Amino acid sequence: TQSTWGRLLAEEEAAEAAAKKPERLTRAQIAINTAAKPAPKKTNVVEQVFDTVNPNRDENRLNQASGIDEVIQLMEPLAVTTEDRHPEKRMASAHKAFQERMLPILKAENPGMKLSQIKEMSWKMWQKSPETPRAAIK
């Protein structure tokens, strides 16, 4: 019985040692381990070929300019337009400017109204006004 207990104890200790977390490795040990392993080979690498030409790299167009005037002509399509592309982003500031202009007029026309009522009137007027950025979008 004692030998079986000793054998069971030895097996249990061996199982605990195997289940124990491995000790931390130093950088030198990691470097040795990685140097010993061969680098993985890259397989199934497919080279992609594109049929379309990149319009940003049109070589013929770039080589045609021989003087300053010709360079300016080539760059004209790239020039920044002064047109407001996103007027809806400036809605709050446009409304505030409209309201500052209209408040004195509305106060004079409606002296007994509260400021919140006058502002509500100006909001409704502004929504119908052609100055709104929404009108520029349409």
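Along the sequence shown, residues are numbered consecutively beginning with 1. What you see is a predicted model, and the numbers here were worked out from it, not measured in a lab.
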For Ile30, the side-chain contact (heavy atoms from CB on, under 4.5 Å) test, sequence neighbours excluded, returns Leu25, Thr34
Counting distance only, does the side-chain N/O of Thr26 pair as donor-acceptor with the main-chain N or O of Gln29 below 3.5 Å?
yes
**Message:** Is the shortest side-chain heavy-atom distance between His95 and Met91 below 4.5 Å?
**Reply:** no
Going by atom type alone, with no hydrogens or angles, which donor-acceptor pairs under 3.5 Å involve a side-chain atom of residues 103-128 and a protein atom two or more places apart or on another chain?
from	atom 1	to	atom 2	distance (Å)
Asn110	ND2	Leu106	O	3.4
Gln117	OE1	Lys114	N	2.9
Ser122	OG	Lys119	O	2.8

